[in-house]
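Presented below is the structure to which this report refers.
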Number of protein chains: 4
Amino acid sequence: MYSLPDLEPLKDFNAIAVLTSGGDSPGMNPAVRGVVRAALNQNIRVYGVQKGYSGLVAGELRVMTSASVRNIVQRGGTILKSDRCPEFKDPAVRRQAIDVLQREGIDALVVIGGDGSLTGAHCLAEESDIAAIGLPGTIDNDIFGTEDTIGFDTAVNTALDAIDKIRDTASSHERHFLVEVMGRNSGFLATHVGIAAGAEMVVVPEYEVQIEQLGQQLSDSRRSGKGSSGIIVVAEGRDPGLTYRLAQQLTQHGEEPRVCILGHIQRGGRPSGHDRVLASSLGAMAISYLLAGYSDIMVGVANGAIVDVPLDSVIRYRKGLDPKLFELALLLHK
Amino acid sequence: MYSLPDLEPLKDFNAIAVLTSGGDSPGMNPAVRGVVRAALNQNIRVYGVQKGYSGLVAGELRVMTSASVRNIVQRGGTILKSDRCPEFKDPAVRRQAIDVLQREGIDALVVIGGDGSLTGAHCLAEESDIAAIGLPGTIDNDIFGTEDTIGFDTAVNTALDAIDKIRDTASSHERHFLVEVMGRNSGFLATHVGIAAGAEMVVVPEYEVQIEQLGQQLSDSRRSGKGSSGIIVVAEGRDPGLTYRLAQQLTQHGEEPRVCILGHIQRGGRPSGHDRVLASSLGAMAISYLLAGYSDIMVGVANGAIVDVPLDSVIRYRKGLDPKLFELALLLHK
Amino acid sequence: MYSLPDLEPLKDFNAIAVLTSGGDSPGMNPAVRGVVRAALNQNIRVYGVQKGYSGLVAGELRVMTSASVRNIVQRGGTILKSDRCPEFKDPAVRRQAIDVLQREGIDALVVIGGDGSLTGAHCLAEESDIAAIGLPGTIDNDIFGTEDTIGFDTAVNTALDAIDKIRDTASSHERHFLVEVMGRNSGFLATHVGIAAGAEMVVVPEYEVQIEQLGQQLSDSRRSGKGSSGIIVVAEGRDPGLTYRLAQQLTQHGEEPRVCILGHIQRGGRPSGHDRVLASSLGAMAISYLLAGYSDIMVGVANGAIVDVPLDSVIRYRKGLDPKLFELALLLHK
Amino acid sequence: MYSLPDLEPLKDFNAIAVLTSGGDSPGMNPAVRGVVRAALNQNIRVYGVQKGYSGLVAGELRVMTSASVRNIVQRGGTILKSDRCPEFKDPAVRRQAIDVLQREGIDALVVIGGDGSLTGAHCLAEESDIAAIGLPGTIDNDIFGTEDTIGFDTAVNTALDAIDKIRDTASSHERHFLVEVMGRNSGFLATHVGIAAGAEMVVVPEYEVQIEQLGQQLSDSRRSGKGSSGIIVVAEGRDPGLTYRLAQQLTQHGEEPRVCILGHIQRGGRPSGHDRVLASSLGAMAISYLLAGYSDIMVGVANGAIVDVPLDSVIRYRKGLDPKLFELALLLHK
């Protein structure tokens with residue numbers, strides 16, 4: 001696992017709040033537990049905000065004790081519940097949130113979520129003197145500044161469980177399957193799943209798919225006897241229905257691929273060991289960073305270590321898919 | 001498990017063949033293993049037919065030894081491969097199959113598959129003096145004359161694994177999910193999955209769905225605070241796209257349900273313990289029934305015991321959904 | 001699944017209580033849910049007793065609502081908690097329990113558990129006018145009068161998950177493994193696991209193990225090249241350490257088997273689909289039997305149907321292992 | 001996942017061999033696949049050695065094609081089989097191995113295994129002009145010079161699956177469980193499992209366990225009502241029976257903990273997504289390092305990147321447990 005930084009405690013806090021926001025991801029619960037237990041160990045009061053930013057604005061806070069997070073490390077979803085909150089883009093709405101926090105004497109906030117959620121945390125840090133720390137929680141692993149996100153590893157394993165099952169039937173019927181995994185803008189999940197599933201091909205938003213070539217490749221492998229069955233992993237991409245369109249196009253090349261859309265099962269499930277350790281570490285480290293005086297940062301992973309990244313950069317830049325990893329996926333299927 | 005009949009061996013066989021046909025189902029491998037090992041124990045030669053009836057017509061047979069079925073009890077799919085073979089409805093094609101079997105000195109055939117596959121076995125038994133035994137292999141559990149089929153229990157568990165994951169995200173976001181399971185003509189799988197998943201509602205082809213009522217029920221449970229999230233299990237039914245249409249209609253009732261189509265993962269995966277024991281028993285019993293002089297039967301389950309059912313009846317009648325079981329599903333969600 | 005009886009409601013109840021007792025088994029939660037929801041549907045008040053009979057004697061009861069059993073259908077263990085309570089053999093202690101029930105106006109009790117727990121229910125029914133229904137909840141499936149028990153199917157699957165893993169390493173190292181499953185007096189679990197795992201041999205308390213013969217068989221299969229690796233499933237039996245002693249004895253026959261004791265993982269885990277449907281049905285049927293005027297019975301499974309069995313018989317007789325099933329296990333490994 | 005190095009191909013190879021050695025670990029198969037496919041892509045002939053060094057000495061080699069490694073990415077164990085080979089410490093035996101390799105025109109060897117296996121590779125590199133590359137394959141993650149090893153992530157998840165089940169029963173019965181995981185010399189696995197399982201305590205060989213203190217802590221948490229049940233994760237350590245002795249000592253402190261030894265299930269099972277991607281990358285990179293002229297190195301992971309480490313250092317130094325990680329485990333249970 002990732003090595004942990006040494007941080008000197010410099011600041012005091014009266015009370016902190018923690019919330020989960022956006023699409024839920026497996027590991028949010030151990031992250032919440034890490035935040036709560038680490039804060040309580042420093043005698044800081046902790047509030048859990050219900051339903052993300054909407055709940056924050058509405059003042060839905062409850063005091064968290066050590067027992068509040070007992071027996072949750074292995075549960076999918078988030079006990080704090082989550083929500084998307086587009087209204088939080090409105091500074092007036094954020095002002096309400098700040099009022100709620102200040103009224104309760106809360107001087108720091110930990111936000112667990114994706115891009116949009118971290119933007120909210122950044123705004124709060126800029127627009128008030130409340131310290132704000134973001135933790136990357138998304139199955140897409142598409143957040144700039146961190147190699148890993150809470151929920152990604154579990155989602156890879158969930159997709160693999162499904163694909164290992166599909167492979168049984170693909171192989172019994174000598175058929176190709178197009179399996180769609182999540183990833184609107186990013187092929188990170190698809191590429192990992194593709195390598196791990198031994199997929200014949202991976203289709204990602206970052207590179208244009210060559211239907212001619214893919215059709216040719218499937219026909220070749222069928223003719224060569226190498227593989228009359230196989231899995232093609234497809235990131236869902238920006239246009240709904242991509243996978244079905246691919247299947248139609250391949251049909252015109254004489255293939256009869258079946259389609260399987262994994263959908264929301266990828267967001268749920270007991271978090272994997274990796275995600276539990278990652279989430280627990282990031283949660284506990286969020287408190288260490290706060291005590292060391294940091295704010296307006298995300299706590300993420302770089303070069304195998306837990307690090308801080310300014311939320312400003314996290315929001316501004318986009319994370320690219322490692323081309324060498326994508327090449328590896330293509331190389332190994334041969 | 002089911003009790004096994006006492007059967008007296010009366011007949012001799014020179015060689016038997018075994019094939020898997022139609023959509024594959026988890027447990028076909030232990031069924032094949034049961035057939036092969038039980039036959040070898042009686043010093044009967046065994047051939048494995050590749051790719052169902054198509055392979056039979058094409059003469060794709062290989063001799064099976066005890067080692068051929070080693071280490072397959074836990075594998076999904078079928079090592080014999082499977083295929084749908086609509087041409088087998090043509091008596092001339094069946095004639096070719098009979099020729100192949102007779103040429104190899106094979107005097108009995110065991111067929112593992114669904115409705116269509118068992119029809120093929122019945123025709124062969126009628127049109128030749130080759131003894132034919134069918135074993136019910138389908139995840140739908142919709143075969144007349146048997147309470148249980150090879151693969152059904154595994155498919156229920158696979159659907160539940162997925163739904164337990166979806167429930168995490170449903171509950172974190174306080175949302176309803178429509179989850180589509182297999183079942184074109186039969187709501188058996190959907191009803192079992194619905195009971196086991198604690199579903200809010202089950203939609204099956206046997207009963208018309210009352211959209212008004214369902215919409216009302218979801219709104220009520222949301223308002224009552226009893227359940228702002230939940231799972232509705234939908235059998236795919238005869239018209240593709242049913243689940244999406246249901247979702248649209250519910251949207252008009254003010255709900256925003258998400259849709260999840262489980263698809264082909266339900267056919268694959270390591271067979272469950274129940275399916276392995278069922279398949280092993282049925283496979284071994286197929287040989288006992290052959291030796292006792294039976295032919296043109298399916299070996300199935302009735303009243304908790306392994307029994308024979310004339311293939312003629314299996315094909316002619318339809319199995320109905322137990323209304324009491326469906327009522328149980330509705331009762332328990334309240 | 002099992003067919004459900006038609007029962008005419010004849011009696012009224014004021015309030016019922018439900019408890020889980022003895023070793024916990026997966027499926028106790030859906031059973032509790034079935035009892036609670038079915039009773040509430042009949043407008044009967046329901047109390048949940050904490051910690052089995054000990055909690056009953058101590059008066060640890062809480063009112064159960066529909067929401068109390070929400071989202072528990074998929075959870076292992078029992079939300080009511082369980083306990084062994086040897087003191088309940090003392091009539092004076094049972095008198096206290098009866099007093100507690102009568103004080104709260106409770107006129108029926110549903111007990112979910114094994115042999116000992118059902119004995120307690122029988123005594124209460126005899127010693128008071130409180131109606132008592134037992135449900136068979138144990139992973140051992142060793143209760144007289146029922147073919148199936150809540151938790152057995154899950155325990156088989158849990159043992160198989162473990163053995164499928166062990167087989168990987170057994171096969172990579174060409175080694176034999178002795179795998180111990182639960183079963184002090186009964187080889188039912190071991191026999192099912194053995195068939196489903198494709199085990200080389202099954203050792204059960206009902207039949208004496210022939211070490212000479214087993215050692216010979218392992219050496220033979222090693223020499224023949226048929227199987228230099230394999231799994232021997234051993235029921236723990238009455239004398240602790242049996243499996244280690246077997247391993248030692250086999251070592252004297254030139255084998256070097258490894259030992260794996262599955263232990264308590266067999267009691268836990270999310271209940272399987274089969275166990276959830278069984279438990280839900282039995283739970284709901286317990287209420288139907290009560291309303292139909294039954295008492296002092298267990299609701300179990302016979303001939304593929306849900307039936308009532310006098311608790312008196314359940315307690316007095318012992319369930320034997322089906323010899324044909326055991327023979328099947330031996331037959332198929334060859 | 002880990003970033004991949006850029007390597008310039010400088011050398012040619014005629015043929016390479018790959019072997020798996022020592023205790024098997026999940027992910028060896030995708031590693032073998034990575035080596036084979038990457039070599040074939042460079043038109044290098046590949047031999048698979050059966051049964052580790054013993055098979056190498058005995059000349060048990062077979063030519064590997066792309067199809068030889070088809071459909072193995074998801075399988076536990078190793079298709080090449082593995083063995084411990086103490087005789088390989090004898091230079092004369094190694095001389096035989098070198099002869100075998102040279103006779104077949106093999107000029108490079110990739111070894112996948114633990115400490116002892118990598119020592120063998122180092123000796124071969126020193127004693128011949130055959131290039132040798134080691135890949136870290138062990139569930140213990142105790143190899144110097146690499147943060148991660150093939151199989152570790154899967155073993156963590158396997159242990160967690162078991163512990164999540166045990167927690168159900170622990171919590172239903174309000175009991176403590178001592179769960180023993182692998183780790184003779186290293187508490188790495190135990191510490192990760194402990195954090196991820198939310199364990200009450202972790203016992204590792206690196207730190208002495210304070211029985212008094214542990215007993216006190218359990219009693220305190222029982223009295224405080226915080227936790228009357230819980231999991232204590234114990235690394236097996238050097239002296240067999242440690243966990244049973246701990247249990248006895250705790251019994252003297254008034255606790256009645258149960259013991260669960262996870263044993264060999266930790267070595268088996270389908271490799272996790274993480275281990276499949278790691279193994280595939282390391283396997284493919286082994287060929288890149290060979291082509292770039294490297295020999296006598298292990299390809300491992302440092303600072304989140306795939307790197308080379310001299311085998312000499314790998315063997316000479318010991319990897320220590322990160323004390324900050326261990327502290328995290330202790331911190332979070334409170």
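Residue numbers begin at 1 in each chain, while the letters A, B, ... track the order of the sequences. Quick caveat: nothing in here was measured; it's all calculated off a predicted structure.
Only the backbone of Ala197(A) comes within contact range of chain D, with heavy atoms under 4.5 Å apart. Neither the backbone nor the side chain of Asp148(D) comes within less than 4.5 Å of any heavy atom in chain A. Both the backbone and the side chain of Asp161(D) come within less than 4.5 Å of a heavy atom in chain A. At a 4.5 Å heavy-atom cutoff, Asn141(D) makes no contact with chain A through either its backbone or its side chain. The contact between Ser281(D) and chain A is made by backbone and side chain atoms together, counting heavy-atom distances below 4.5 Å.
For a heavy-atom cut-off of 4.5 Å, chain D lies close to Asp322(A), Lys324(A), Leu325(A), Leu328(A) in residues 320-330 of chain A.
Comparing Glu147(D), Met285(D), Arg167(D) by heavy-atom pairs within less than 4.5 Å of chain A, the highest count is held by Arg167(D). The most heavy-atom pairs under 4.5 Å with chain A, out of Asp164(D), Ile195(D), Val277(D), come from Asp164(D). Most heavy-atom pairs under 4.5 Å with chain A, from the set Arg33(D), Gln74(D), His274(D): that is Arg33(D). Between chain A and the options Asn157(D), Val36(D), Ile72(D), heavy-atom pairs under 4.5 Å are most frequent for Asn157(D). Per-residue counts of heavy-atom pairs under 4.5 Å with chain A were compared for Val156(D), Val193(D), Asn71(D); the largest is that of Asn71(D). Among Ala196(A), Gly34(A), Ala38(A), the residue making the largest number of heavy-atom pairs under 4.5 Å with chain D is Ala196(A).
Rounding to the nearest 0.5 angstrom, the gap separating the CG atom in Leu160(D) from the OG atom in Ser272(A) is 8.5 Å.
Take His173(A) and apply the ring pair (Phe, Tyr, Trp, His ring centres under 6.0 Å) test, not counting sequence neighbours, and it matches no residue.
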